[in-house]
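What follows is a single structure, written as structure tokens, with notes after it.
All values below were derived from every heavy atom in this structure, side-chain atoms included, with hydrogens, water molecules and symmetry-related copies excluded.
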Amino acid sequence: MALAAVCAALELVAGRGMSPATAWDVLGGGGDATERHILLRLRLPRLLVALGAGASLAVAGLVLQSALRNPLAGPEVTGVTPGAVLGAVTATALGLAGWDSPLAVVLAACTGGCAGAALLWLLAGRGRGDPAATAVHGVLVSAVLGGLTAMVLLVEPGELGSVVQWLVGTTEGRVWQHWHLLWPWALLWGAAAWLLAGPLTLLRCGDETALAAGLPARRARTLALLCAVALTAGAVAAVGALGFVGLLVPHLAVALFGADLRVGLPGAAVVGAVVVCGADAVAQLSSRLLAAALETGGLTLPVGALTACLGAVLLLAVVRRTPDRTF
């Protein structure tokens, strides 16, 4: 929690036009109109959205890895992330949504994410209770939805600049409306996931152990996947496809808080919030340094690019250190 507070403070002052002294003055009720607008209407909602999206993706990833008993399972395995991106891109290309209408974008992304999960459920059929079959079909669904997104961009190439942020993931331009749409959704489904902590812990031990304890494994796994789908859809609708957050943060959470998911799930939420918020602060600082070095004022490094690069390195490290790991 202390680290989250530090990252939040860095997030508020990392961007252009705001020094720590100015931010402290504005938080104390001072500052001019411009400084108050920057901090209270731009920086603060961006900070809260980063925290909420990071927590949602981390909890979704831990739920998926526990329900599917696969340490390399992430939100992408449900088809929700590419489905949400496809929904946002399609709505933007058709002129039904845009960055100036957060509600329309969020609704389009949530619709696409739910459609991706429904497609996975349809293809998995009777085997959707099988972790391996669900993971394999999730990869196929994600590939198909990614191809459809590319087709939309080919049909409407003029929209590439406005939707590339969805493909990479960014917190740029987030306002209070994004936060007001995200936090009730994340709180609802995060609480539902925590209530499933006991069944998820049994599922991590195998279906045979769960059945021996009297737990209907297929029903519990279905409910868990529903929570993961909802959390992922809400996060992607707010910030786009942040790579590797839902895949690697659960490993950190389990290492820090242990295998008891009653503690691990809230811990994963805190770690996910810290990771995304810290990465966004680093991305803003890097943008300032690169802009000064290249003598350009319009350079912005999206946080999704940073999480993808760091996540790829950490993923290789995890795979090389534990090639035969299973839950």
Side-chain angles (χ1 to χ4, degrees), residues 1-56 88 92 97-107 109 159-166 168-186 234-240 242 273-307:
M1 294 299 292
L3 188 57
V6 171
C7 290
L10 290 175
E11 170 87 356
L12 289 178
V13 300
R16 302 178 181 89
M18 185 64 60
S19 65
T22 303
W24 183 259
D25 187 32
V26 172
L27 292 176
D32 57 32
T34 301
E35 293 169 346
R36 293 181 63 82
H37 177 81
I38 292 175
L39 185 67
L40 300 180
R41 295 189 176 272
L42 298 179
R43 297 288 175 82
L44 192 55
R46 176 175 181 161
L47 162 66
L48 294 175
V49 168
L51 293 172
S56 297
T92 303
W99 291 105
D100 56 344
S101 55
L103 178 59
V105 174
V106 168
L107 290 177
E159 299 294 334
L160 178 60
S162 62
V163 302
V164 69
Q165 299 181 70
W166 280 102
V168 178
T170 181
T171 56
E172 187 77 20
R174 296 307 178 269
V175 294
W176 283 111
Q177 189 174 358
H178 290 97
W179 170 244
H180 293 324
L181 293 170
L182 174 61
W183 78 262
W185 185 267
V236 174
V239 299
L242 291 181
V274 168
V275 168
V276 174
C277 183
D280 194 30
V282 172
Q284 292 187 67
L285 289 172
S286 301
S287 299
R288 294 176 63 180
L289 295 176
L290 289 174
L294 300 176
E295 298 182 354
T296 177
L299 182 63
T300 300
L301 178 66
V303 62
L306 188 61
T307 59

Shortest non-hydrogen contact from Ala283 to Val303?
CB-CA, 4.2 Å
From Leu27 CG over to Arg36 CZ, what is the distance, rounded to the nearest 0.5 angstrom?
9.0 Å
Which heavy atom in Ala281 sits nearest to a heavy atom in Ala14, and how many Å separate them?
O-CB, 3.6 Å
Could you grab the distance from atom CG of Leu47 to atom CG of Leu10, nearest 0.5 Å is fine?
10.5 Å
Which atom names give the shortest non-hydrogen contact between Leu48 and Trp176, and what distance separates them?
CD1-CZ3, 3.5 Å
Separation between CG (Leu107) and CG (Leu181), nearest 0.5 Å, reads 7.5 Å
For Trp179, is there any backbone N or O sitting under 3.5 Å from a side-chain donor or acceptor partner on Arg174?
no
Check Ala305 against Leu301 and note the closest heavy-atom contact, atom names and distance.
CB-CD1, 4.3 Å
Looking at Leu44, Val239, Val175, which one forms a side chain to side chain contact (heavy atoms under 4.5 Å, CB included) with Val49?
Val239
In short, Leu182 meets Gly234 closest at the heavy-atom pair CD1-O, 3.7 Å
Can you tell me how far the CG atom of Leu285 sits from the CG atom of Asp280, to the nearest 0.5 Å?
10.0 Å
Under 3.5 Å: donor-acceptor pair, side chain of Thr171, backbone of Arg46:
no
Any sub-3.5 Å donor-acceptor pair from Glu35's side-chain atoms to Asp32's backbone N or O?
yes
Heavy-atom closest contact (Cys277 atom, Cys7 atom, distance)
SG-O, 3.4 Å
